[in-house]
Amino acid sequence: MGLYYKLKSDKHSSVLENAEKMEVSIDLDQPGIPERLKLIHLTEEDLKIIKSAQPLVQKYIDKIVKAFYDAILQVQELRDIIEKHSTVERLQKTLRVHLIEMFQGNINKNFVEKRLQIASTHYRIGLEHGWYIGSFQNIQNVLNDILFQEIGRKEEVRIISAAISKILSFEQQIVLE
Ligand code: HEM
């Protein structure tokens, strides 16, 4: 461990160090939003940490998206849905943009409307809730791997990982409402 561990932790301790400076917003006038945020204790502080982690998501977006599609293409039912309605290439682009935006730190009308659109698209193509929820697991696994790889201090990884877990949960709550 030694020096390598220290260098690693110094390199990206910037995620938490920079979090305080991040500009984020929550529009509490959106119906249902305050209650949902309260339920999972998703705060402005979490959003700042999430936004501060956005460059890491950008850096590794190919890896995250690949893990996602490698997993869902193993399931014939999901493969069939994709082939019927779209292409992996097109969906990869959509997911890239969507995931990076998820780390933007703004929860507002636009955020909610985009998720309702996803819900309606997934409903149209017959994607069951269980598949949708399950497909988040690989995203979360890869994100955790990235945090452990890039950030030396376990306590920091835990804090960032907890914030990320909350935004992923919030996303699912809105899409599945
Ligand atoms: C469409 C995100 C899971 C299949 C979309 C769109 C987004 C999205 C942003 C575009 C919606 C629009 O603007 O109309 C996500 C996220 C997922 C997820 C964040 C989970 C982490 C899945 C899974 C499948 C899937 C598991 C498996 C079949 C599709 C297809 C479309 C689509 C085929 C395009 C339908 C069309 O264009 O006609 N998804 N998706 N998605 N999603 Fe998902």
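We count ligands from 1, going down the list as the structure has it; atoms in each ligand are counted the same way. Not measured: the values here are computed from a predicted model. The first residue in the sequence is number 1, and the count goes up from there.
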Do [X] and [Y] have side-chain N/O donor and acceptor atoms under 3.5 Å apart?
X: Asn144; Y: Gln140; answer: no
X: Glu171; Y: His98; answer: yes
X: Gln137; Y: Asn141; answer: yes
X: Asn18; Y: Ser52; answer: no

At less than 3.5 Å, what protein N or O atoms come close to the N or O atoms of ligand 1? Include the distances to 0.1 Å.
| from | atom 1 | to | atom 2 | distance (Å) |
| --- | --- | --- | --- | --- |
| ligand 1 | 14 (O) | Gln117 | NE2 | 3.2 |
| ligand 1 | 14 (O) | Thr121 | OG1 | 2.6 |
| ligand 1 | 38 (O) | Arg124 | NH1 | 3.3 |
| ligand 1 | 38 (O) | Arg124 | NH2 | 3.0 |
| ligand 1 | 39 (N) | His122 | NE2 | 3.0 |
| ligand 1 | 40 (N) | His122 | NE2 | 3.0 |
| ligand 1 | 41 (N) | His122 | NE2 | 3.0 |
| ligand 1 | 42 (N) | His122 | NE2 | 3.0 |

- [ ] With the side chain counted from C-beta on, respond yes when Thr43 and Leu37 share a heavy-atom pair under 4.5 Å apart, and no when they do not.
- [x] no
Task: Qualifying side-chain hydrogen bond (donor to acceptor under 3.5 Å, both in side chains) pairs with a residue from residues 124-136, counting only residues at least two apart or across chains - done: Glu77-Trp131
